[in-house]
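Remarks on the structure that follows.
Positions are given from 1 along the sequence.
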Amino acid sequence: MAEAGSRRRSRGGGGAARRAERTTVSFETAKYIERNIPNFEVLNEEALELIEANAETILAEVGVNFVDNPAALERWRDAGADIDGERVRIPRGLARKLCSTAPSEYIQHARNPERSVTVGGRNLVLAPVYGPPFVRDLDGGRRYATMDDFEKFVKLAYMSKWLHHSGGTVCEPTDIAVNKRHLDMLKAHMLLSDKPFMGSVTEPSRAQDSVDMCGIVFGKEFVQNNTVMTSLTNINSPMTFDDVMMGSLEVYAKNNQACIISPFIVGGAMAPVSVAGTLTQVLAEVMAGVAYHQLVRPGAPAIFGAFVSSIDMNSGAPTFGTPEASMVTYGAGQLARRLGLPFRSAGSFCGSKLPDAQAAYETSNSLNMGLLAGVNFMLHSCGWLEGGLVADFEKFVMDADQLGVLHGLAKGVSIDGDAPAMDAIREVGPGGHYLGCAHTQANFKTAFWRSDLLDYKPFETWSEEGERDTRTLANIKMKQMLANYEKPAIDPAIEEALEAYVAEKKASMPDAFT
């Protein structure tokens, strides 16, 4: 696995320089995952063809709603769809034909070119939690998120080795007006990190602000010719496309920026209880959304999204890490690949209120499902708690550490170089051990993935150190990371221009909290 390192060195020479290097802040950022393992597929050809045929039937006979958006209805009418009020019925084959102009993979550029990512193909890009209004940590408990919390998460994502992406709304900073907080969030991503990030989708003008701010960072011409944002467009399942999300999608598509077209599925509530029925609805919704995206600008990048959970039929609460959600995710990956689109799904999903055993079980199931399903862009890969209502600081650190397991699994089994280890087997022979052999000495530093967080010490040492559990260790590590954080370099003129843009936009309108 190739890695790009980031290291800050002091000037000077001799012993002073070496001492400075030993004490300076340094961290590695792993390259996005390139899978060398097969995808796990649960649908045979008969099942795939049935689901695809039924999705076409939904689009042609049932239709989808594009609400409060006359311009969208006109685009569909011009493309050959049947319009009845706000209901759009799409002739068989039309949506799939329109989807064919979207690229199967694309590069999202970061302001640090070493951290740009390729979305699609055999790749997996990991991004943090998105959207919670609450945060939690061991010291402050559960509370409404603030901008200070948001900035801390951006810093943690920047310093987390196995995260490739800064994400978007890692938490919702409720201490800033609704109509202005997107400006501060974007500025934080742009200045506190140099990893790729997401834009705002809560209102079309905020999407335009995202594009304009990227123009300051990357240059306007570069933005028009390259993708610098991958942003989330949720569908109001079942089969409804609202004007706010579609308005933001239109802004991003016009400006050549990537959109994740993602049904929001809670099985049994927003889709049928059966796996096949849910997959049929997901495919119909994605095809309609991507097709519309391509009507706005053919060739703009789009991602086949699938956010899937099941439901507890007693309480109505969403459930995570279940076999049914896994089956939908595996099947959706197959459908996305047949459609020729990158695939977004999975994450560190759990319904637990704390980063406890329930959270660990459900999160592990969800993360491994995403790796095996062929996911290309995994939003929510760390920090998710309480069904997405909470971004948890300790769980963010715990999950980010475990993302290293996905990198290790994705490498597959090597038979190159000295991997077959025949010299080692001959050297040790029957009854010996491998601890001191040449092969072990040459490879022991990189042979096994090792957690930077979990405790492997003997019981006596663990007890002497206070019998700390994983959450406590994560709290300590989180504080160390924030204490060691150093802002990545940026052109002062760009930073000044961003500050001026945000100040001017915020001054141009009164605060609104709805």
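- Phe264 and Phe307 have parallel rings, their planes meeting at less than 30° on a 0 to 90° scale where 60° marks the start of perpendicular.
- Counting heavy atoms from C-beta outward, Phe343 and Ser345 have side chains that approach closer than 4.5 Å.
- In this structure, Thr169 and Met185 have side chains that are in contact, with non-hydrogen atoms separated by less than 4.5 Å.
- A donor-acceptor pair under 3.5 Å is formed between the side chain of Asn365 and the backbone N or O of Gly321.
- A salt bridge does not link Glu34 with Lys411: every distance from a Lys NZ or Arg NE/NH1/NH2 to an Asp or Glu carboxylate oxygen is 4.0 Å or more.
- Side-chain N/O atoms of Asn69 and Glu250 include a donor and acceptor closer than 3.5 Å.
- A cation-pi arrangement is absent between Arg344 and Phe377, since the terminal nitrogen or guanidinium carbon is not both under 6.0 Å from the aromatic centre and inside a 45° cone about the axis.
- Ring to ring, His165 and Phe197 are not that close: their centroids are 6.0 angstrom or more apart.
- The pair Glu61-Arg89 fails the salt-bridge criterion, with no side-chain N (NZ, NE, NH1 or NH2) lying under 4.0 Å from an Asp/Glu carboxylate O.
- For Gly199 against Leu186, the heavy-atom pair with the smallest separation is CA-CD2, 4.1 Å.
- A distance of 5.5 Å separates SG of Cys171 from CZ of Phe153, quoted to the nearest 0.5 Å.
- For an aromatic pair to be called close, the ring centres must be under 6.0 Å apart, and His189 with Phe150 satisfies this.
- Between Tyr292 and Phe241, the gap from one ring centroid to the other reaches at least 6.0 Å.
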Next item on the list: Any chance you could lay out the salt bridge (Lys or Arg N to Asp or Glu O under 4.0 Å) test for Lys395 and Glu386, step after step, and finish with the verdict?
Entry: CA-CA 11 Å; Lys395 189 167 186 291; Glu386 201 179 318; over 6 Å; no
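- Separation of the Phe396 and Trp384 ring centroids does not fall under the 6.0 Å cut-off.
- With a 4.5 Å cut-off on side-chain heavy atoms, Asn475 and Asp139 count as touching.
- With rounding to the nearest 0.5 Å, the separation of CE in Met246 from NE2 in His293 is 9.5 Å.
- For Arg468 and Asp455, the salt-bridge test fails: no basic side-chain N is under 4.0 Å from an acidic carboxylate O.
- Between Leu482 and Leu156, the closest side-chain pair of non-hydrogen atoms falls below 4.5 Å.
- Nearest heavy atoms, Ser310 versus Thr322: OG-OG1, 3.1 Å.
- Taking the six-membered ring where the residue is Trp, Trp462 and Phe459 present tilted rings, their angle falling between 30° and 60°.
- Looking at Met159 and Thr29, their side chains never come closer than 4.5 Å, going by heavy atoms from C-beta outward.
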